[in-house]
Amino acid sequence: MRWTSTFIPTLKENPADAEIISHQLLVRAGLVRKLTGGLYTFLPMGLRALRKIEQIVREEMNRAGAIEVFMPALQPPDIWQQSGRYVSAREVLYKVRDRANKEWLLGPTHEEVITTLVAGEISSYRQLPRNFYQIQTKFRDEIRPRFGLMRAKEFIMKDAYSFDVSDEAAQASYQKMYDAYTRIFRRCGLRAMAVEADTGVIGGKFSHEFMVPAASGENEVVYCESGQYAANIEKAASRGPVIPTPQADSGAALEKFPTPGVVTIEALSRAPHHVAPHQQIKTLVYVVESKLALVLLRGDDQLNEAKLAGALGTNQLRPATADEIAPVLGAHPGSLGAIADTLKGEAASLPVYADEALRGAGGMTTGANEDGHHFRHVRIERDIRVTRWADLRTVQAGELCVASGQPLKVRRAIEVGHVFKLGTKYSEKLNALYLDESGTQHPCVMGCYGIGVTRTLQAVIEQSHDKDGIVWPLSVAPFEVCITPLSVAPNSPVMQCAERVYAALIEAGIEVILDDRDDRPGVKFKDADLVGFPLRVAVGEKSLARGEIEIKPRGGAVNPVKIESAVEAVRKWIETARAELGMGMAQSR
RNA sequence: CGGAGCGUAGCUCAGCCUGGCAGAGCACUUGGUUUGGGACCAAGACGUCGCAGGUUCAAAUCCUGUCGCUCCGACCA
């Protein structure tokens, strides 16, 4: 490819609407352009990189035995009604109407479609297991699209769905995908970690997210440096708070005391009260399936909504508003508590969910359900009627790892992949059933496995760049080599040499772009760095006079090489780099 | 959905407070000089100041509405 015959609109300045570095580089390097918020056009360099990732995904999925299909993006609402997600996923569903005013959905995912397919086509254990995948555009009405391709209204996803005869078989399918994902992200040059993920209301322990550590990530990951434990913060457990919960009990009776104007944990910890946060019981009020519930945590802990949802088996929950709370509890947020004697009337029957960290707590302080008052000397088993104990708190950095006993760390990360054991939720509702050897009917046991392809592209940039621009891993670079002749006059020795090298590299099966623009060298060098080609070959008069041209890896030093051996030197460099990323392995099978 | 900020040339932005000729840099066009890390000189072209309404002799500027973009929030009582 010649630079002048493609389209690479680079920018000197950062676009005003890009916040994070990968988004800025995506635009500056001429990979994408925004149509409007959350919708992007892929330009030639962006598209080439995207196709590289897709191809890696495809090769590894095929290798793992998955079968590629292509499903409609436009879907009928009735299968979503059938699965129950027409309601539960309504916030993210784009709906459109045809000329007859019939409603259609733009698919945010494809469980309903694939399960319908399998329901119609598979009826025997002899036809299982099967794993279907596709690489397709998904549509989601995101609450807030942001960070370029990271969270968009429309994005490309690889989604796979496995169908098995049993839990054990499904587990094997799951493991195959887990292994494939590990290989995929490694081949993309990404340092990704698999972490245990929240399984939501479905439960079970078979869910892992593949996370790329990055400060701009929207997820938080808890991990142990021993490598024995890593989990999404929504799921993470530990051996408990660093400061133990006070258990000592003086036998003192409950004592109400005035706390005018004190409505936060922090305020109560200051003068004149001096009650440390870990000696307080925080009382939250939630609306769970449209009924109020009290949630108790230690004052220095934070509720993990995913854990609450998991414990209660529903995701129909939200914090109650002050207007909903006051009439029932008789006080406003900041003075709330769960002391049995203070819960009058309707409040007395509210369920109380308490975090495990509060077990056995004594000498605690909590709100009195009377504005401007708190209780001290609270002993939880004596004073509070706990409906149910559960792990509800968010793990904090420094707590000890359940596996290794070492302190846990917390860092932000980008979720690029998710593997999930679904069970029979969809197969039951959409009748994906099979007959076993004895002629008995069972629902298929399903798994689903997603990779955000467009997000992965941006994650690569987020993880691999420097002050000059993108530093592509060879496997996903739009071109492997950029040849930069410092003069482009057709008959000049410089251009003629560049053309010869260009032709020879193409012949050698290397993806190469020739920067034939009639621009100053500085401009071309800057652009080559910005777009991030892994290897640059510069041809200039000075080095040519010595019979040399220059090879420079992105981010590395310039190496002069004799013209005769230049092509071989490039070939060797590329082959070594390809081998490091495990490229070509799939083809060799 | 709540809050905040921003919409002015293709891009990045100034001008708005305090109403009075539409601006700069980059990019673009032409000519010249340059040519190993985003050149220089000269001349030029480029605008529905997001849109609609209002106030005013006069609106990019003030007011109202609306649309769009960005950020924060939508647990931490």
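Below, read A as the first sequence line, B as the second, and so on, with proteins coming before strands; counting in each chain starts at 1.
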What nucleotide among [options] has an atom nearest to a side-chain atom of [X]?
X	options	answer
A:Leu303	B:C69, B:A77, B:C75	B:C75
A:Tyr286	B:C72, B:C75, B:C69	B:C75
A:Gln302	B:C69, B:C76, B:A77	B:C76
A:Pro319	B:A77, B:C71, B:U12	B:A77
A:Glu13	B:C75, B:G25, B:A77	B:G25

Under 3.5 Å, is there a donor-acceptor pair between the A:His274 and A:Ser269 side chains?
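No pair is found: no donor N or O on one side chain lies under 3.5 Å from an acceptor on the other.
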Please tell me whether A:Glu462 and A:Ser216 have a donor and an acceptor in their side chains that are separated by less than 3.5 angstrom.
yes
With heavy atoms under 4.0 Å as the rule, sort [X] into base, sugar-phosphate or nothing.
X	value
A:Val295	nothing
A:Ala528	nothing
A:Ile325	base

Gap between atoms [atom1] and [atom2], on [X] and [N] respectively (whole Å):
X	N	atom1	atom2	value
A:Phe7	B:G10	CZ	C1'	11 Å
A:Leu292	B:A77	CG	C1'	14 Å
A:Glu19	B:C69	CD	P	16 Å
A:Arg144	B:G68	CZ	C1'	15 Å
A:Arg146	B:A4	CZ	C1'	15 Å
A:Lys34	B:G7	NZ	P	15 Å

For [N] and [M], measure between their [atom1] atoms and round to the nearest Å.
N	M	atom1	result
B:C71	B:A77	P	26 Å
B:U64	B:U55	P	15 Å
B:C6	B:A14	P	10 Å
B:C62	B:C13	C1'	23 Å
B:C63	B:A24	P	28 Å
B:A22	B:G50	P	15 Å
B:A27	B:U12	P	15 Å
B:C40	B:C26	C1'	15 Å

Take atom CZ of A:Arg385 as the centre, draw a 6.0 Å sphere, and report whether it contains more than 12 heavy atoms from other residues, nucleotides or ligands.
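No - once you tally the heavy atoms of other residues, nucleotides and ligands closer than 6.0 Å, there are 12 at most.
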Could you check whether the rings of A:His23 and A:Tyr40 sit parallel, tilted or perpendicular, using 30° and 60° as the cut-offs?
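It falls in the perpendicular class, over 60°.
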For A:Asn559, all residues meeting side-chain contact (heavy atoms from CB on, under 4.5 Å), sequence neighbours excluded:
A:Pro553
Letter per nucleotide, 5' to 3', of nucleotides 28-38 of chain B [B base touched, S only sugar-phosphate touched, - untouched; heavy atoms, 4.0 Å]
------BSBBB
Does some side-chain heavy atom of [Y] sit less than 4.5 Å from a side-chain heavy atom of [X]?
X	Y	result
A:Val32	A:Thr41	no
A:Glu289	A:Lys291	no
A:Asp355	A:Arg298	no

Only counting residues at least two apart or in another chain, list the ones meeting side-chain hydrogen bond (donor to acceptor under 3.5 Å, both in side chains) with A:Glu548.
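In terms of side-chain hydrogen bond (donor to acceptor under 3.5 Å, both in side chains), with neighbours along the sequence ignored, A:Glu548 is linked to A:Arg546.
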Pairwise 5' ranking along RNA chain B for A:Gly299 and A:His23, keeping only the more 5' one:
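Result: A:His23.
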Between A:Thr283 and A:Asn14, which is nearer to the 5' end of RNA chain B once each is assigned its nearest nucleotide?
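Closest to the 5' end, via its nearest nucleotide, is A:Asn14.
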